[in-house]
Structures are given as C-alpha cells and as structure tokens.
Asks: 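Sharing a structure, written as structure tokens. Questions coming.
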Amino acid sequence: MQTMYEQMDTAALDAALADLTRQVDEVKAKGLKLDMARGKPSPAQVDISRPMLDLLSSGADLTDEGVDCSNYGCFEGIPSARRLAGEFLGLPADQTIVLGSSSLNIMQSVLIHYWEKGVPGYTPWSKLDRVKWLCPAPGYDRHFGITQDLGIENVPVRMTETGPDMDEVERLCAADDSIKGMFCVPKYSNPTGITYSDETVRRLATMKAAPDFRIVWDNAYAVHDFTDTPDVLANVFDLAREAGNEDRILGVASTSKITFPGAGIAFFGSSAANVGEVANTLKVGLISANKLNQLMHTRFLPDLDAVRAHMRKHAEFLRPRFACVEEKLEEGLAGTGCGTWSHPHGGYFVSFDGPEGSAKRVGALCAEMGVKLTPAGATWPGGNDPHDTNIRIAPTYPSVEELSEALDVLVLAVKLVSAQLAREARA
Ligand SMILES: Cc1ncc(COP(=O)(O)O)c(C=O)c1O
C-alpha cells in the first residue's frame, strides 16, 4: 500500500516535509524525556501487590501442608506452589517445578543442559556440526539472546494473526533435523499480542520434527487479560501427549508481571520424564529455591481464581494505556498508509509496522525528540529486521499523560520519516 506522501505531487510533498520538520523542531525544543522502551508495570501498578509482603512476619506459620519452608528441602517446590504452577501451565502439579524468580533463567538453564548433555538418548547439541532454532518474529529479544549466546543459529519465522507461519514451520522442521527447537509465547505474544489459534497449537504439538526437537512454551502472559473478551489458549501438553510428543513441550511462566518483576516465583512444567531429568540437573547447583517467597505468593494467590481477581486490578492500569495507544495511532495515522499496528486483548505490548526502511530512522528521530523506544530491530533475531519496519510499543510503564505525549512524538516521527522516504525515492 502507498503512503499518503507517496501519492502527493512533489510540491505538496515538499510543503508537507517543511511542515513536519518544523513540528519536529518544536518538539525538540521542549526537552522531553519519556521512556516507552521496556515492558515493565508502572510503579503504582506494582504497588497493588504490596499487601503480599505483610503475609510473612516473624510470628507467621512457615509451613505449607507439612513442609517447613524455613529450611532446606522440597527441591521441586512447596505443594501449594506446585498446584498453582499446574493450574498456570495446564499440567498436573507433579509435572511442575517451582524455582526462583525468573522464567528466563529456567529457559537458559534447560537449554544449556541440552547443549552440554543432550536430550536423553541423543547427541549433545554442542557436539553437532550445526544447530538451528526457530524464532517467530517479531518476537522477544531476550529469547533470541539465549540461543545466540550458545552459538545456535536463530532462524526467523514470520508471525501471523494466528501464531507463527505454520506452513513454514512444518516445512522447515520436516526437512531439517538440525532444527532442535523453537520459542513460542503462545498467549498475548511479545510483541504482537496475538494468541495462537487452536489449529496452530495442534500443528505445533503434532508436526514432524527431529526427535530431540523442543518447544520453549513461554506462557509469560497466561493470565494478563485486560478486556472482557480474553483470548483462550488450547492446552498444548494434552495435544502433544495424544500425539506421542509429550517430551517436546517445555512449559515456563512466572509471576513477574503478577506480583513483583524480578522477585516473583517461576514455573517449569513438562512430561514427567523431562521434569525428573531437568530436576536432577538443576539439583546439582541448587539445594532448594526460596520457599518463603513461594509461601508468601500462595498465601496471597492460593489458586488461579485468586490470580484472576488480582489480574483484574492490574487490568485497571493497563486498559487506559492500551486505549491511549489505539486512540493516538488511529487519530494520527489511520488512512495515511504509514503504519499498521496490533490490537491486543492482553499482554504488555503493541507491535507497530511502518513503511519499509523506516523503523531505525523512526527510533533515532524519536530519541532526538526525547522519547526512548525499544531499539528498532530488537524484535528480530540478531537485531536484523529484514524490512526494517517493526517497532515494539511498550505502553505500561509511563503515566497515561506521558504515554499520550510519547505517542504524539511517535506519530510525528513516523510521518516525517514516511515523507522523507517518499521524497528520497523521487530525488
Ligand atoms: C515473553 C517473556 N518471557 C519471559 C519474560 C521474563 O520473565 P521472568 O521475569 O520470569 O524471567 C518476559 C519479560 O518481559 C517476557 O516478555
């Protein structure tokens, strides 16, 4: 589709460029300092979990169903926390492990384990000539960092409205045994906000792939709905088990964006065999996780219903911010041909695509105007967005007023860069 600037005659385009440049200079003179870079809850949003901190004190009962949480032991996690992990992931409690505060840390540990020792019965990935990993893109930069750091070749697969392009995923996996895995954020994906369709989940669970192929099923936004029509995700573990692929799925989640980012509890869940094997490895370096934190969490959020009630409080903060993004982009860019964006029902991000070759320039121009964005390209493996279109909008941290200002800046930057690109194509 052509942008409105491409459709203008050259005189009109030059006039538009002059006007947009003047507006940009005015914004620069304001000395703004706004941050839309990382997906963090706002300070006031984090505060809603503070009552949890009062639940453990020196006089509190520190046992959980007979387990002493104040001492070593119970490596796999305390009973109430494993039950919660099971509800989160869609698995029986005894197929889960509750660990420290970071799911990213679990993903890295498990992949390092397979890299060094291999999936049981198969060659360690580090001993193979070539190991590839599928990375739905746009996706989460920290995922891509884990495999890149190990020397695994990240292979981008385009995201669609229903999840990763499954024709491409199936074609690649069926033909190439060096593809050992794939990252998935199946609900309210980072950054597109889409939830995988039932059909996508079924195909991932049943498709042909290398026997030691593993899917990191990162359900980081499992309960992060902010509309009355939440997306529903199919249970991948059930589908994989029925297809004889139950070892394929490595489930992870955490309470980072439910209670305290970096100080929550993190979950791992998979087949009984995988859980036992991963636990044995992790036990080498950990006597037991922080069970007092697990206890505090399950006293505050004993089950999924309690979690959902808590998430409704989070939604009060998120809804106006996402509404602001939608309103500002619609008001500024609808009908201009200069951008398309996602309309999520939950999660932490909106994914924006501008004209080809625009994203890096938009990011730089926003920075000059005092607005920090997630670096353009970060949503693709290696930072290489092939068409340089994608920008991740992270609207949760700033206040609605700050966000509104930041979006005006983004809209202005998209327009100026689009106009410049149209002009350069004619020069
Ligand atoms: C998809 C996804 N997974 C994992 C994380 C990090 O989770 P944790 O704090 O549990 O390491 C994030 C944080 O932004 C995320 O977006």
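Just so you know, ligand 1 is whichever comes first in the structure, and atom 1 is the first atom listed for that ligand. Everything numeric in this text was worked out from a predicted model, so none of it was measured.
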Asks: For ligand 1, which atoms sit closer than 4.0 Å to a heavy atom of Ser254?
Replies: 8 (P), 10 (O)
Asks: Salt bridge check, Glu199 against Arg202: does any charged N sit closer than 4.0 Å to a carboxylate O?
Replies: yes
Asks: Would you call Arg130-Glu153 a salt bridge at under 4.0 Å N-O?
Replies: yes
Asks: Quick one: look at Leu104 and ligand 1, take heavy-atom pairs under 4.0 Å, and tell me if it's side chain, backbone, both or neither.
Replies: both
Asks: Using the six-membered ring wherever Trp is involved, compare the ring planes of Tyr196 and Trp217 and label them parallel, tilted or perpendicular (cut-offs 30° and 60°).
Replies: perpendicular
Asks: Among Gly262, Ser103, Gly100, which residue places a heavy atom closest to atom 8 (P) of ligand 1?
Replies: Ser103
Asks: List every atom of ligand 1 that sits less than 4.0 Å from any heavy atom of Asp218, numbering the atoms from 1 in the order shown and giving each element.
Replies: 1 (C), 2 (C), 3 (N), 4 (C)
Asks: Distance to 0.1 Å, residue and atom name: give those for the protein heavy atom nearest to atom 14 (O) of ligand 1.
Replies: Lys257 NZ, 2.7 Å
Asks: Can a donor-acceptor pair be found, under 3.5 Å and without considering hydrogens, that links the side chain of Arg319 to the backbone of Phe226?
Replies: yes
Asks: Any heavy atom of Arg142 closer to ligand 1 than 4.0 angstrom?
Replies: no
Asks: Does only the side chain of Tyr348 get under 4.0 Å from ligand 1, or the backbone, or both, or neither? Count heavy atoms.
Replies: neither
Asks: Could you tell me whether Lys180 sits above the aromatic face of Tyr114, with NZ or CZ closer than 6.0 angstrom to the six-membered ring centre and within 45 degrees of the axis?
Replies: no
Asks: Hey, does Asn105 come in under 3.5 Å of ligand 1, counting only N/O atoms on both sides?
Replies: no
Asks: Looking at Asp238 and Arg241, does any basic side-chain N land under 4.0 Å from a carboxylate oxygen?
Replies: yes
Asks: Record the part of Ser256 in heavy-atom contact with ligand 1 below 4.0 Å; permitted values are side chain, backbone, both and neither.
Replies: side chain
Asks: Checking side chain to side chain contact (heavy atoms under 4.5 Å, CB included) for the pair Leu99/Leu286: CA distance, chi angles, key distance, verdict?
Replies: CA-CA 10 Å; Leu99 288 156; Leu286 180 71; 3.8 Å; yes
Asks: State the atoms of ligand 1, each with its element, that fall below the 4.0 Å cut-off from a heavy-atom position in Ser102.
Replies: 10 (O), 11 (O)
Asks: Would a line drawn from the ring center of Phe183 to the ring center of Tyr140 be shorter than 6.0 Å?
Replies: no
Asks: Can a cation-pi geometry be assigned to Lys40 and Tyr397, taking NZ or CZ under 6.0 Å from the six-membered ring centre and within 45° of the ring axis?
Replies: yes
Asks: Counting from 1, what ligand 1 atoms have a heavy atom of Ala220 closer than 4.0 Å?
Replies: 1 (C), 2 (C), 3 (N)
Asks: What protein heavy atom sits nearest atom 16 (O) of ligand 1, and how far away is it?
Replies: Tyr221 OH, 2.6 Å
Asks: Looking only at protein heavy atoms, which one is nearest to atom 12 (C) of ligand 1, and what is the separation?
Replies: Tyr140 OH, 3.2 Å
Asks: Are any of the N/O atoms in Val185 less than 3.5 Å from those in ligand 1?
Replies: no
